[in-house]
Amino acid sequence: MDFIIEAALKAIKHLYQIELTAADISLQETRKEFEGQVTMVTFPFTKFSKKSPEQTGNEIGAYLQNELEEVAGFNVIKGFLNISLTDGFWLNKLDTEILPDDFAVFKPNGKKVMVEYSSPNTNKPLHLGHIRNNLLGFSVAEILAGAGYEVIKTNLVNDRGIHICKSMLAWQKFGNGETPESSGLKGDHLVGKYYVLFDKEYKKQIDELKQLGQTEEEAKKNAPLIKEAQEMLQQWEAGDKEVINLWKTMNSWVYAGFADTYKNLGVSFDKFYYESNTYILGKDIIDEGLKKGVFFRKPDNSVWIDLTDEGLDEKLVLRSDGTSVYMTQDLGTAQLKYNDFQMDSSIYVVGNEQDYHFKVLFLILQKLGKTWAKGLFHLSYGMVDLPSGKMKSREGTVVDADDLMAEMEQTAKLQTEAMGKVEDFGTDEKQQLYHIIGMGALKYFLLKVDPKKRLLFDPNESVDFQGHTGPFIQYTHARIRSVLNKAGYNNAGKAGIQILADVERDLIVSLSQFPEIIQVAAAGFSPAIIANYLFELAKTYNKFYHEKSILQAEDEVLKQFRLQLSAASGKVIKKGMGLLGIEVPERM
RNA sequence: GGUCCCAUAGCUCAGCUGGAUAGAGCAACAGAUUUCUAAUCUGUAGGUCAUAGGUUCGAAUCCUAUUGGGAUCACCA
């Protein structure tokens, strides 16, 4: 719509002798209840037009209509200049922009961006919180790639530490050599089982010690199990062969399980980082910071940074015994990732409980003079809560990722069968469809919401399949495919019609917004923008579908045009859903 | 106590850098299928945009304070 802004600038110069820039003019979509497609707000111009908003709008509108052949007419309501563009303009847009294969395809913009997400712990299976993380990360990566970025998806696996030792210890003590093969359990679930078991036994010991007169705090420290776990961690760090072997074995079980879950979720990674490798990093950055005077050493030899000027606290970056803390590792890992890829920006998809950590991390890197630090961004998202409160893996009060996905598929199956539309499908075909629909419902449910908001998930209230949902959009796509197939449509040439019905024009307007929507979503790292756009588009299509017959159109030219419009809508829906990581079926 | 995030219809949420009478979906009610997939469409009803001030021609949106909810401020990760 740049040509309208340009013309408006000329109009204002001509009418009021004032030079404005494009930024001074705000265009918006015309609201449905008014005539027109584009609206200009004229209030700001009244200062120098010295006329009422209505008069100003009328003057500019008249000028535009005179100068631009694309402008069919205008009306002014309370200072809002609503501009109607000609059907010829919209049809031309359809022919030259929307229908060609390169619609909404962006050329590489030469920028490289890293998206780090998932970050699982190898002591337990993934749960609903991880699902939100994975879907967000994957979708943001797809959106950025779609907007022209080169994207590197990374996963920093938290594969060491005391929590891992807990699972290992419990397995050693109570496992009787159980393996995924012997038990038939998925590897990550098997390991998670022992993590929960550890906690149960640990609590028993705490209770026993409390009965003997210890305080809660003492009991937690003195319980034999926790001491053994700590010992195991030290052995691990010392490279004890037996411990390392056990660690490797159990981790391999978990990775096999994760690979399954990721595949089911439809997410993937280009590069894995492992904390067992990165936890030693960061010490040289500490030296660098000390030299530069960014850090300071306390008498007990611990190293700190003073962020009180920034309204934060003093923060420890190295322990007094010289070992790393979380921050040390993350400093080192950030440098490592930059050395590996030299990306222009880097997005960390991590829950909002770590807002403070990342604020500090980025600030430190800036203070250290890392030029790349300004490209770092923490994509923070709210926790997923259950009606019963927070999810806690240790206590087993979680919605397990694998279970949830299976349930969604089951629900999709029941709903689809009840409608009896796919009786001619083969068994595999059916299974695949249930997967697509079930996952579509789940993914859309999680992605349509602003990531910042915390999410309440009630497992008893199943995710909807009607209304503002993934299946609604999938259904619209299936419908389109069905019509196109019946018509034997194969990408015919240009639209041969001249005049548009309202629903047709609305649909073209909606389609034409897609490229900009991608850019806006990319700039804001927001799948929700895509999700909400697709819903609007699907609604607009369904309305068109309902009001206008396609196969029984009044004449062949009109039929071809409506098929083109349908094909374009189908393509945008498919591509848009792809940006969310959601597949669309040909039939459902 | 400090800092950060959130608060819009009964429920789940849109509302982009301030713009028109605050919009959807679900649930409720009333309708639409001899015609391309009714997982659809049309309509009715539902609001002190947490509260109070301020800035502005104009505030759900920006600023300040208050209330409610959440997170965080570990020599845990």
Side-chain angles (χ1 to χ4, degrees), chain A residues 23 26 28 30-34 39 41-44 46-47 53 77-80 82 119 121 158 160-163 275 279 300 302-304 311-313 315-321 323-327 329-330 351-357 359-360 380 382-383 385 390 412 415-416 418-419 421 437 441 445 448-450 452-456 458 461 464-476 478-487 516-517 520 523-524 526 528-529 531-533 535-536 538-539 541-543 545-553 559 562-563 566 587-588:
Chain A
S26 81
Q28 50 192 279
T30 304
R31 295 169 65 134
K32 272 186 231 142
E33 59 265 42
F34 302 106
T39 293
V41 183
T42 62
F43 290 102
T46 55
K47 270 186 214 127
I77 296 167
K78 289 201 200 168
F80 292 89
N82 302 320
S119 324
N121 291 328
N158 185 350
R160 51 138 247 133
I162 188 78
H163 48 290
E275 260 192 48
Y279 86 105
D300 69 355
S302 57
V303 181
W304 297 72
L312 304 171
D313 305 310
K315 186 85 188 167
L316 177 87
V317 293
L318 194 70
R319 290 196 189 101
S320 50
D321 63 5
T323 57
S324 318
V325 288
Y326 181 36
M327 187 59 74
Q329 293 173 39
D330 259 10
N352 64 6
E353 76 273 14
Q354 295 200 32
D355 284 355
Y356 183 77
H357 172 76
K359 206 171 173 181
V360 172
S380 159
M383 296 289 93
D385 290 320
K390 243 185 131 161
Q415 302 237 0
T416 308
M419 287 185 228
K421 288 187 196 168
I437 297 176
F445 176 78
K448 75 174 177 187
V449 185
D450 179 354
K452 272 194 300 224
K453 297 199 174 171
R454 51 194 285 257
L455 206 69
L456 187 74
D458 189 342
E461 267 178 48
D464 278 330
F465 284 68
Q466 274 151 17
H468 190 183
T469 67
F472 172 91
I473 298 168
Q474 290 174 322
Y475 175 72
T476 307
R479 223 179 194 186
I480 290 171
R481 295 304 311 166
S482 170
V483 177
L484 294 177
N485 283 333
K486 275 208 175 124
E516 199 192 332
I517 291 287
V520 173
S526 172
I529 288 177
N532 286 302
Y533 164 75
F535 177 60
E536 288 301 322
K539 266 202 300 188
Y541 182 84
N542 282 330
K543 192 172 176 178
Y545 179 91
H546 214 262
E547 284 185 25
K548 301 291 173 189
S549 181
I550 297 164
L551 299 179
Q552 314 297 325
K559 177 175 158 186
R562 287 183 183 157
L563 285 169
S566 298
R587 283 182 57 193
M588 68 184 273

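A sub-4.0 Å separation between OP1 or OP2 of A38(B) and a side-chain N or O of R479(A) is present. An OP1 or OP2 oxygen of A77(B) is reached within less than 4.0 angstrom by a side-chain nitrogen or oxygen of R319(A). Not one side-chain nitrogen or oxygen of K78(A) sits closer than 4.0 Å to the OP1 or OP2 atom of C57(B). Phosphate proximity of U37(B) to K486(A): present, with a side-chain N or O under 4.0 Å from OP1 or OP2. A close approach under 4.0 Å does not occur between any side-chain nitrogen or oxygen of K453(A) and OP1 or OP2 of G70(B). For the pair K421(A) and A39(B), the criterion of a side-chain N or O lying under 4.0 Å from OP1 or OP2 is met. At the phosphate of U72(B), neither OP1 nor OP2 sits under 4.0 Å from any side-chain N or O atom of Y356(A). The phosphate of U37(B) has OP1 or OP2 within less than 4.0 Å of a side-chain N or O from S482(A).
Contact annotation for Q354(A): base contact, defined as any heavy-atom pair under 4.0 Å involving a base atom. At a threshold of 4.0 angstrom between heavy atoms, the contacts of F445(A) with the nucleic acid are absent. Across all strands, I437(A) comes closer than 4.0 Å to base atoms (heavy-atom distances). Using a 4.0 Å heavy-atom cutoff across all strands shown, D450(A) reaches sugar-phosphate atoms only and no base atom. Within the 4.0 angstrom heavy-atom criterion, base atoms lie near A478(A). Residue-level contact check: P44(A) touches the bases, meaning some heavy atom is under 4.0 Å from a base atom. As judged by a 4.0 angstrom heavy-atom cut-off over every strand, I517(A) is placed among residues making no nucleic acid contact. Using a 4.0 Å heavy-atom distance criterion, V520(A) is classed as making no nucleic acid contact. Note on S380(A): nothing from the nucleic acid sits closer than 4.0 angstrom, heavy atoms only. Residue K315(A) is out of contact with every strand shown, counting any heavy-atom pair closer than 4.0 Å.
Taken to the nearest 0.5 Å, the CE atom of M588(A) stands 12.5 Å off from the OG atom of S482(A).
A donor atom on one side chain and an acceptor atom on the other are not found under 3.5 Å apart for N352(A) and R454(A). At a cut-off of 3.5 Å, with distance as the only test, a side-chain donor of S380(A) or D355(A) sits close to an acceptor on the other residue. Under 3.5 Å, the side chains of Y545(A) and S566(A) contain no donor-acceptor pair of N or O atoms.
Closest to the side chain of Q28(A), out of C36(B), A39(B), A20(B), is A20(B). Set against A20(B), A39(B), A77(B), the side chain of T416(A) has A39(B) as its closest nucleotide. With C73(B), A77(B), A39(B) as the choices, the nucleotide that has an atom nearest any side-chain atom of N158(A) turns out to be A77(B). Distances were taken from every side-chain heavy atom of N532(A) (C-beta onward) to each of A14(B), C41(B), C36(B); the shortest belongs to A14(B). Ranking G19(B), C41(B), A77(B) by closeness to the F43(A) side chain, first place goes to G19(B).
F80(A) does not qualify as a stacking partner of the G19(B) base, lacking a centre-to-centre distance under 5.5 Å together with planes within 30°. In this structure, the aromatic ring of F535(A) is not positioned over the six-membered ring of the base of G25(B) within 5.5 Å between centres and 30° between planes.
Atom CD of E547(A) sits in a crowded spot, with more than 12 heavy atoms from other residues, nucleotides or ligands closer than 6.0 Å.
Looking at N542(A), its side chain has no donor and acceptor atom pair within 3.5 Å of the base of A38(B). For T476(A) and A39(B), a side-chain-to-base donor-acceptor distance below 3.5 Å is absent, hydrogens and geometry of angles not being considered.
Rounded to an integer number of Å, the gap from CZ of R454(A) to P of A7(B) is 12 Å.
Relative ring orientation between Y326(A) and H357(A) is described as parallel, the plane-to-plane angle staying below 30° on a 0-90° scale split at 30° and 60°.
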